Amino acid sequence: MNYSHHSIEKKWRAMWQKNKVYEPNLKNAKRPFYNLMMFPYPSAEGLHVGNMYAFVGSDIYGRFQRMRGNDVFEPIGLDGFGIHSENYAIKANAHPMKLAVKTEKRFYEQLSSIGNGFAWNERLETYDPEYYKWTQWLFLQIWKRGLAYRKKALVNWCSSCATVLADEQVIGGMCERCDSEIIKKELEQWFFSVTKYAEKLLENIDGLDWSEKVKIAQRNWIGKSEGAEIDFKIVGSKERITVFTTRPDTIFGATYVVVSPEHSCVENSKDQILNYNEVQKYATEARKKSEADRIREDGEKTGVLLKGIKAMNPASGEQILIFVADYVLSGYGTGAIMAVPAHDQRDFRFAKKFDLPITMVICPHYPEPTCPILDDAYSGEGHLVASGKFNGMKSEEARGILTSFVGGRKKTTYRIRDWLISRQRYWGPPIPMIHCERCGWVPVSEKNLPVKLPFVKKFRSEGGGKSPLGMVPAFYAVKCPRCKGVAKRETDVSDTFLDSAWYFFRYLDVKNKKAPFEKGRTKKWLPVHMYIGGAEHSVLHLLYTRFITMVLKDSGLIDFEEPFAKFHAHGLLIKDGAKMSKSKGNVVNPDEYIKKYGADAFRMYLMFLGPFTEGGDFRDSGIVGITRFLNRVWGFVVKNHGLGSRNQESMEVLEGKIHHAIKKITEDIENLRYNTAISALMILLNAFEDCPSVVSVEHIKNFLKLLAPFAPFISEELWSMVGGKKSTTIHHGGWPDYEERFLQRDMFTLIIQINGKVRDQFEVSSHDSQKKIETMVLSRDKIKQLLVGKVVQRIIFVPGRLINIVLSA
RNA sequence: GCCGAGGUGGCGAAAUUGGCAGACGCACUAGCUUUAGGAGCUAGCGCCGCAAGGCAUGCGGGUUCAACUCCCGCCCUCGGCACCA
């Protein structure tokens, strides 16, 4: 007996909407539970099956919490500003502002078709002026706290597209869109001082209930390393080069110094450097070098000797050479290093290429008198050699001692950089700053927000580091808010990641015109109880969001500093063993599946094909198994719900199975193991079908409740059938509890092993003693035969499971 | 190179603290049912073997009465970061 998914989906979607089934009272909810899923970028032709997968997985968790009596808030919106959407508009040859209207409609239709319990009244779009007004406000708060500043920086530049790109759009050194090489270009940019929060961002990680994988990724990205700053004097000059090192114990082995192409010592010692032109040429070219070139070089080092100047090793007093090389990065540490080729692989390769001395100062086999000749750097620990009076000292101990010996300072460095926030693009919130010749940078007054993004026909970046808005005098020609003199509005827009760094605050108060959010609500609903999203965002988005939350805390606007109590990344859906992509032609269109099989079947199939946190392989063939299952559920309930239980004898066995399923499914949902929860539902249905006369209405009700998070439509329809006209929605119907007493079994199947191999099995009572069981086992014909002529050495008995007879050899 | 995850039938995958390897589903085979197509129902289904039995969780060792699970050494796949001193 098949059911018509079309009619019941339509019916219940309307009923849920009408009865506000998924709209919690944001102001007065008693048991708030914020169930958040990362909102999508509406950048493609529509929602990808991968997005659907993620949303369904998040929704099941939300529905489960709602049935447990929580006031679940599951909002939805669109991360519609930004390069993704803009690129799609360019490709579709449409204006992003006009296209947004269309994609919005399309996305929301698709999102409503999957049957999620979204709070539709609270939806938001980041390109809505009512939203980005507050994104701009947020920028001003950050500015006010002295955490926004401008500086020159090397940014990714695609000359073919004539635009800067975000780091995440540079794939293997190539432009994500046109696949041409990316070069670095120096432009003055806006930054947020994320590094000022580096220690707090790192420290708090320990207390988060996140998957360990993501926590490790965050720690690595922050990249704390402890070491020392040490000055190397330039011989015959007042100048000095300060280096950062994590291995001050190797300082006697520092046989040269390397500075980055941007380092100030090149300019400062201009007159002493004999080959200044050559050096400058190298520095310019290194800067122009594309990412792709760097990858091609594959560790091959380049550099130029600074002729005419030398540095002094402060430990040994030796005069050593100075190089400029692009393997030293200007953005990390001091932009200069002491090179210890014996104990650092990069320095080793450079030294080999330029034929520089390699002095081993850490010996792994001390006190052996000789150290091996190295074919690669040794970066482990050991004892100091060739280090004057420090010989024989353990390398770990020598770090601090040698640092003070050469007058160095202990120093902690972080790998994380400040957040480059400005984009020379059109489709984003204009940065709310005004530049005045006399007053410098002046913020737009909060009461004048939003700085509206004007409709501009020529929205494509033309290049030269100039934004599209830079061509629109009507936009940028303004008076200085402070002195009323001639001034110019900032024409860059902010990064998409800023839009998405605070959206979960706004969901709580989307209609608030006076403030971005209200303290009572944030206190009630935040931090987010459960956050689910893609693993690709486990570094940047989560880090930026944490940073913004910390800033809001320090501004006194909220009273917590971590936004997400719990975060779990969902897995990746693949098809035919490969990531879905248009170029491979293996993209699955979710709409067709929903139309053909129904949202319930589609949801369940997606969740059944593998563990949610690990993803899985999407095959067309698999969904029919779920369709069969749902049809059988339908047929069974329709046929049996009016009959009631007619056989008390086998009732107990069935009760045990139901309670076992409740326990299993409850625990599985809590741990996002939806695939095994669904299989438990199938097992339970099989048990029902084996003895329909034992199944009561209560049993059916419990079954439907367990099914409800996965298949919300069919379970609601059958619920109304079972419960009659007066029944309220199953989705507020309460989650079934299991009772331990039903899980206990009087009999169990004992496995009999001989030397660890299964030979026999039979039913025994759980209350029988080991001795009694042993006697029963040894008197079984099959076992007796197998033991003829053998000596039993020992017997291992595992209660409730097995017995293993060990024979002597 | 570094970090992380993983490797189990024809396929997607299961397997509390070590305790029946392959649950559940797909595909397949046989039978029933159906005018046919489709669907449904019943049974079977890791590999070799007529059977008894043997062999099986990437490869090689080890611990144990017992190893997918723990330990040591390799190989491969996927994801992330990538000259971070």
Side-chain angles (χ1 to χ4, degrees), chain A residues 1-2 172 211-217 219-221 223-225 227 243-247 250 254 258 291 294-295 297-301 325-329 331-340 343-347 349-350 379 413-417 535-536 538-539 569 571-572 574 577-579 604-605 608-611 613-629 631-632 635 667 673 675-683 685-686 689 749-761 793-807:
Chain A
M1 195 187 311
N2 291 5
S211 53
E212 207 48 39
K213 189 182 165 172
V214 177
K215 288 163 85 165
I216 289 167
R219 284 194 197 100
N220 290 346
W221 189 265
K224 181 178 183 172
S225 55
V243 306
F244 173 72
T245 178
T246 53
R247 292 298 299 270
T250 64
V258 189
E291 287 293 319
R294 287 188 159 215
I295 289 162
E297 280 164 14
D298 195 28
E300 182 72 13
K301 301 280 182 281
D326 66 358
Y327 83 90
V328 173
L329 309 173
Y332 184 77
T334 59
I337 60 153
M338 61 176 212
V340 185
H343 303 293
D344 180 282
Q345 206 196 20
R346 294 150 301 185
D347 298 342
R349 295 218 177 124
F350 190 86
S379 54
T413 312
Y414 299 90
R415 199 184 120 93
I416 189 173
R417 309 290 156 84
E536 71 274 20
S538 58
V539 177
L572 195 70
I574 55 170
K579 210 168 163 173
M604 281 191 90
Y605 175 57
F608 186 58
L609 52 73
T613 52
E614 275 154 54
D617 204 343
F618 188 96
R619 308 241 160 186
D620 301 352
S621 56
I623 197 166
V624 309
I626 297 289
T627 304
R628 280 176 200 154
F629 168 75
N631 280 329
R632 278 165 54 210
E667 289 171 0
R673 286 193 302 252
N675 55 333
T676 49
I678 292 170
S679 97
L681 283 166
M682 291 172 168
I683 292 167
L685 179 66
N686 291 346
E689 287 179 333
T749 307
L750 181 81
I751 300 300
I752 305 169
Q753 296 183 335
I754 294 175
N755 283 341
K757 291 204 194 307
V758 180
R759 289 293 181 241
D760 199 4
Q761 61 182 58
Q793 195 191 1
R794 60 192 275 213
I795 293 177
I796 312 266
F797 177 67
V798 184
R801 288 192 191 273
L802 56 75
I803 192 159
N804 188 9
I805 303 164
V806 184
L807 306 177

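Side-chain atoms are counted along with the backbone in the values below, which use heavy atoms only and exclude waters and symmetry mates. Worth saying up front: this structure is predicted, and the values here are computed from it rather than measured. Residue numbering restarts at 1 for every chain, and letters A, B, ... go by the order of the sequence lines.
- In terms of the ring pair (Phe, Tyr, Trp, His ring centres under 6.0 Å) criterion, residue partners of A:F350 (sequence neighbours excluded) are, by chain and number, A:Y256, A:F323, A:Y327, A:F354.
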In 5'-to-3' order, the base (B), backbone-only (S) or no-contact (-) status of each nucleotide in nucleotides 19-30 of chain B, using a 4.0 angstrom heavy-atom cut-off, is BB--BBSSS---
Please list, for nucleotides 68-70 of chain B, all pairs of protein and nucleotide N/O atoms separated by less than 3.5 Å.
none

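- For A:D344, the salt bridge (charged side-chain N to carboxylate O under 4.0 Å, His left out) partners at least two apart in sequence or on another chain are A:R346.
- Annotation: side chain to side chain donor-acceptor pair (under 3.5 Å) contacts involving residues 794-804 of chain A, sequence neighbours excluded, are absent.
- Under the side-chain contact (heavy atoms from CB on, under 4.5 Å) criterion, A:S379 pairs with no residue, sequence neighbours left out.
- In this view, A:R219 and A:L202, A:I205, A:D206, A:E212, A:K215, A:I216 satisfy the side-chain contact (heavy atoms from CB on, under 4.5 Å) rule, not counting sequence neighbours.
- Under the side-chain contact (heavy atoms from CB on, under 4.5 Å) criterion, A:E689 pairs with A:R632, A:F636, A:L685, A:N686, not counting sequence neighbours.
- Residues passing the salt bridge (charged side-chain N to carboxylate O under 4.0 Å, His left out) test with A:E536, sequence neighbours excluded: none.
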I'd like a table of atom pairs between the protein and nucleotides 1-6 of chain B - only N or O on both sides, under 3.5 Å - with the distance next to each one.
residue, atom, partner, partner atom, Å
B:C3, O2', A:N220, ND2, 3.4

Is there any protein nitrogen or oxygen under 3.5 Å from a nitrogen or oxygen in nucleotides 47-57 of chain B, and what are the pairs?
none

A correct dot-bracket answer for RNA chain B, with pairs being Watson-Crick or G-U at under 3.5 Å, [ ] for crossing pairs and | for inter-strand pairs, is (((((((..(((......[....))).(((((.......))))).(((....)))..(((((..]....))))))))))))....
